[in-house]
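Have a look at the structure below, then the notes.
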Amino acid sequence: MKWSPRPRVGVLAAAMAQQRAATRLRIVLGHLGCPSAGAVVASPTSGPIASASFHPQQFQYTLDNDVLSLEQRKFYEENGFLVIKNLVSDADIQRFRVEFEKICREESKPVGLMVMRDVSIAKSEYSPSEKTISKIQDFQEDKELFRFCTLPEVLKYVECFTGPNIMAMHTMLINKPPDTGKKTSRHPLHQDLHYFPFRPSNRIVCAWTAMEHIDRNNGCLVVLPGTHKGCLKPHDYPQWEGGVNAMFHGIQDYDKDHARVHLVMEKGDTVFFHPLLIHGSGRNQTQGFRKAISCHFASADCHYIDVKGTVQENIEKEVVGIADRLCGTESGLNLKDIWMFRARLVKGERITL
Ligand SMILES: CCCC(=O)SCCNC(=O)CCNC(=O)[C@H](O)C(C)(C)COP(=O)(O)OP(=O)(O)OC[C@H]1O[C@@H](n2cnc3c(N)ncnc32)[C@H](O)[C@@H]1OP(=O)(O)O
Ligand SMILES: Nc1ncnc2c1ncn2[C@@H]1O[C@H](COP(=O)(O)OP(=O)(O)OP(=O)(O)O)[C@@H](O)[C@H]1O
Ligand SMILES: O=C(O)CCC(=O)C(=O)O
Ligand SMILES: [Fe+2]
Ligand SMILES: [Mg+2]
């Protein structure tokens, strides 16, 4: 922000008061997951501020550093995602595969890991194998898999969104199974912020790396460019005839005419995306298990929020319900406690998260 030369004291004081009010508004709207408020230039009380004395920030979704080109930065600001080709090596991806297979064979049992089967086989007899596990999450205690979250080539980009103090908040390896015909392999359109009780959203980013060639046939990511500029929308289970996986909440009222981009990616390509970006993934129409590994990172100076009374209340209830079932009792935990347990520092200093 620039001040006009030698402002009169009264003007300066008024401008500072306006700035404080705008900051308060920004904080309030930030809690609602509404980052577009970051560009507030109009005073909430007394009309617009003269543009000569108050310049809106040009960028709000990315931070100043030398990693992103101006073009890449503008692309993320505008679209809410950025694909970096060939970022993670084949050798690293092979190690993640090997460890995933060990977990599937139950030769490795990392503490805290959640194992998910597709809902179409959830109630059937099975022996754990690469063909029955559709997703693992919370692998923060698995040394091999957690290496993904510490790779310098990944963190270099993450820092453009989070700044230097970086927490790994949420980890997943998705093994999208061949669709059984019930279309349950789809992931409905959603915003990841729905699951997160921390803010501000602009300091959160997902890194999602393709572990093989991924296109529309095996269920690539689908994104609605620019939707990161909107607010957090209410999420619930879609009404799908064939059933929906536990916790696969979707947005009910997204704009059906909004442009969709199918992200075709090669092994090692990584997409960084904003937690308000509406995205999902389609059916896997091949016989292979489509693999991707991901981590949601946040700035260590993000803060937790209480989601009671907000659109996120339903997910808190469900997640706490699962925690209670796992503990075999009423755990007394809330969404914030659950996230604090799994959060891990990967760079810099642990602050508020
Ligand atoms: C950026 C964030 C984005 C996200 O977080 S997206 C959502 C990600 N979250 C997840 O993937 C985690 C969801 N999965 C889980 O929590 C667990 O896998 C889940 C569903 C609780 C099951 O865990 P377990 O307790 O190990 O499994 P279980 O075999 O004992 O089953 C318990 C009851 O759950 C049912 N179940 C299992 N997998 C399911 C599924 N995929 N969809 C719907 N229901 C499912 C299962 O049938 C059983 O039901 P019942 O109690 O017998 O009636
Ligand atoms: N009825 C629906 N309600 C909510 N989300 C849906 C619905 N149908 C599809 N989706 C989701 O919309 C996204 C895009 O679907 P789209 O049909 O464009 O692609 P796809 O399913 O990957 O490709 P294809 O149609 O070629 O199989 C996916 O995330 C999918 O899960
Ligand atoms: O299908 C995928 O890999 C994307 C899953 C996803 O968006 C999520 O779990 O939040
Ligand atoms: Fe997601
Ligand atoms: Mg489709």
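Indexing begins at 1, ligand by ligand and atom by atom, following the structure's order. All values below were derived from every heavy atom in this structure, side-chain atoms included, with hydrogens, water molecules and symmetry-related copies excluded.
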Would you say the rings of Tyr61 and Tyr76 are close, in the sense that their centroids are separated by under 6.0 Å?
no
For the Fe ion (ligand 4), does an N/O/S atom of Cys206 lie at less than 2.8 Å?
no
Contacting atoms of ligand 3, where contact means under 4.0 angstrom from a heavy atom of His190:
6 (C), 7 (O), 8 (C), 10 (O)
Backbone, side chain, both or neither: what part of Ser281 comes under 4.0 angstrom of ligand 2, heavy atoms only?
backbone
If we count only N and O atoms by modelled type, under 3.5 Å, do the side chains of Thr171 and Gln137 hold a donor and an acceptor together?
no
Honestly, for Phe248 the part within reach of ligand 2 (heavy atoms, under 4.0 Å) is neither
Could you tell me which atoms of ligand 3, counted from 1 in the order shown, lie closer than 4.0 angstrom to a heavy atom of Lys135?
9 (O)
Ligand 3 atoms in contact with Arg290 (distance to a heavy atom under 4.0 Å):
1 (O), 2 (C), 3 (O)
So is His279 in contact with ligand 2, going by heavy-atom distances below 4.0 Å?
no
When rounded to the nearest 0.5 angstrom, what distance separates CH2 in Trp240 from OG1 in Thr184?
9.0 Å
Can you sort out which atoms of ligand 2 are near Arg216, meaning under 4.0 Å from one of its heavy atoms?
18 (O), 19 (O), 23 (O), 24 (P), 25 (O), 26 (O)
Below 2.8 Å, can you find an N, O or S atom of His190 next to the Fe ion (ligand 4)?
yes
Per-atom contacts of ligand 3 with Trp208, taking only distances under 4.0 Å to non-hydrogen atoms
2 (C), 3 (O), 4 (C)
Atoms of ligand 2, numbered as shown, that sit under 4.0 Å from any heavy atom of Gly280:
29 (O)
Quick one: which ligand 3 atoms are inside 4.0 Å of a heavy atom on His279?
7 (O)
Ring centroid separation for His274 and Phe81, is it under 6.0 angstrom?
no
Kindly indicate whether a cation-pi arrangement holds for Lys256 with Tyr254, taking the cut-offs as under 6.0 Å to the six-membered ring centre and within 45° of the axis.
yes
